[in-house]
Undergrad: 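Have a look at this one before I ask anything.
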Amino acid sequence: MAPRAPKGTRDVLPAEGRVRARVEAVAADVMAANGFGRIVTPTFEETEVFVRGVGTATDIVRKEMYTFDDRGGRSMTLRPEGTAPVARAYVEHGMHKLPQPVKLWYMAPMFRYEAPQSGRFREHWQVGAEAFGSDDPLLDAEMIALLAEIYARLEVPEVRLRISSMGDPDGRGAYREKLLAHLRPHADSLPRDARERMDENPLRLFDMKDEAVQRAMAGAPLLVDNLGDAARDHHDRVLEALRLMGIPFEEDPSLVRGLDYYTRTVFEFTCDRLGAQSGIGGGGRYDGLVASLGGPEVPGVGFGTGVERITLALGEAAADAPVVDVYLAVPDADIRLALMPVLRDLRRSGVRVEAGPSGKGLKAMMRHASGLGARTVVIVGPREHAEGRATIRDMQTGDQVEVPVEDIARNVVADGGAA
RNA sequence: GUGGGCGUAGCUCAGCUGGUAGAGCUCCUGGUUGUGGUCCAGGCGGUCGUGGGUUCGAGUCCCAUCGCUCACCCCA
């Protein structure tokens, strides 16, 4: 059996690669406009980074990590999410001594051992941004606006924003008891996995699609109605800022992000084009994360958005675009050899050039040139070569002119507008 | 981990109640001693996912297994 790409992974071929390049370019542009510097963290980290950063109650840590012992017996894990490693780098490099907030972004692959399906992979790429060192609610709103701007610039269709607040850790404990009190009478009617979640994180029952769960949650007390004063004010400021910036949103009290570190603001962008995985990007505030990784008490806010989900939402990858401007068709192998310097000079001048392989007939080369979408073909046969000349053919009009070999570059640029 | 669907040429697929494999596209060659995209002719290309069973005979039926895919859970 020939090897295949591992389950849940995929090859990105050139047509889709162009779409991804655009996503990256737009992200880089918008990030720069918002004062974010790019950071690259290792593809794998000490397992501890994710256990402490993401939290042991999460699915990611409990069953989705690619963890292995290296040859020195240290436990390592392929990065399953982007925020904890960036927070680790923030602490490691003492960035709390820089002017705050420190704003960092990345585009990097993430690895999670899950059952793949449409829009869900074991390796996927995320564009993410993190801002440390400020608890200003307006920063939350700026982060949301930044992500919305990326979607807008890419023209991702049917994007909607849902937002809520997780409150502060102290207030959440009290709320948790209220929620459990509401749920206990319904416990017998709930499926097993729902009852298990009651113990770990009852908030997550809000997100389950099971009908019995939905019924039980119907009259449940809402976290947003039980916020402390500080969290309440924070949330109101975020929403007000969004309104002032003209960013539409829906308040959704059932929005619960699956990572333990979130505090206060949580948000998620969805796209109806995506099928079951409607989430295209999301994030929130994580005021305790840096401290949990051994750093100072520094607040933070960030988001991640899935590159594959963006390209999925954008629809089919763009049709094949021409990959060359000029095609050099030289059937005779010795003449082809003699023209190697010409080929080099053309490429140096910035023209995209493909040269037909030695040993092919002119007809095959013309077909090749046409298939590649070349606008200009330069033909040098025995007669032209003897005279130090070349035939230049415009593939759209079929017009041909003969010029001295030294003038090829000048002519293809001028005639084809190719450079 | 649990359930549904599907596995025939590089791609998209056909193959009826079992009789020993086909089309379109792509690619290559020729029609045009050195000129493409159209047209015409020809060609390359398949252990029918794999293993076993039933049968004179299995791509078609049965069992197992692997893979892909969609969905649940959860997430990007």
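Just so we're on the same page: letters track the sequence lines, and every chain starts at 1.
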Undergrad: Name the closest nucleotide to the A/Arg4 side chain, picking from B/G34, B/U29, B/C68.
TA: B/C68

Undergrad: So, is A/Gln400 close to the B/U35 phosphate, meaning a side-chain N or O under 4.0 Å from OP1 or OP2?
TA: no

Undergrad: Work out how far the P atom of B/U50 is from that of B/A58, and round it to whole angstrom.
TA: 15 Å

Undergrad: Cation-pi check, A/Arg122 to A/Tyr113: give yes when NZ or CZ is under 6.0 Å from the six-membered ring centre and within 45° of the ring axis, no otherwise.
TA: yes

Undergrad: Does a side-chain N-to-carboxylate-O contact under 4.0 Å join A/Asp29 and A/Arg153?
TA: yes

Undergrad: Using a 5.5 Å cut-off between ring centres and planes within 30 degrees, is A/His124 stacked on the base of B/A76?
TA: yes

Undergrad: Of the options B/U35, B/G34, B/A71, whose atoms approach the side-chain atoms of A/Glu384 most closely?
TA: B/G34

Undergrad: Can you check whether A/Lys363 has a side-chain N or O nearer than 4.0 Å to OP1 or OP2 of B/U32?
TA: no

Undergrad: Got a minute to check which stems RNA chain B is part of, using Watson-Crick or G-U wobble pairs under 3.5 Å, three or more consecutive?
TA: B:1-7 with B:66-72, B:10-13 with B:22-25, B:27-31 with B:39-43, B:49-53 with B:61-65

Undergrad: Among B/C72, B/U29, B/A76, which nucleotide sits nearest the side chain of A/Leu259?
TA: B/A76

Undergrad: Using the C1' atom as the reference point in each nucleotide, state the distance between B/G42 and B/U20 in Å, no decimals.
TA: 26 Å

Undergrad: Does this structure show an ion pair linking A/Glu387 with A/Arg383, if we count only N-O contacts that are shorter than 4.0 Å?
TA: yes

Undergrad: Using the side-chain heavy atoms of A/Pro382, tell me which of these nucleotides is nearest: B/G34, B/C72, B/A76.
TA: B/G34

Undergrad: What distance separates A/Met76 CE from A/Thr43 OG1, expressed to the nearest 0.5 Å?
TA: 13.0 Å

Undergrad: Looking at B/C70, I'd like to know if its phosphate oxygens (OP1 or OP2) sit under 4.0 Å from a side-chain N or O belonging to A/Gln117.
TA: no

Undergrad: Using OP1 and OP2 only, check whether a side-chain N or O of A/Ser118 sits under 4.0 Å from B/C70.
TA: yes

Undergrad: Between A/Asp272 and A/Arg160 (salt bridge meaning N to carboxylate O under 4.0 Å), is one present in this structure?
TA: yes

Undergrad: Under the 3.5 angstrom rule, does the side chain of A/Glu308 hit a backbone N or O of A/Trp125 as a donor-acceptor pair?
TA: yes

Undergrad: Of the nucleotides B/U35, B/C28, B/C74, which has the atom closest to the A/Arg367 side chain?
TA: B/C28

Undergrad: As a test of reading the structure: which of B/G36, B/A76, B/U35 is closest to the side chain of A/Glu114, going by heavy atoms?
TA: B/A76

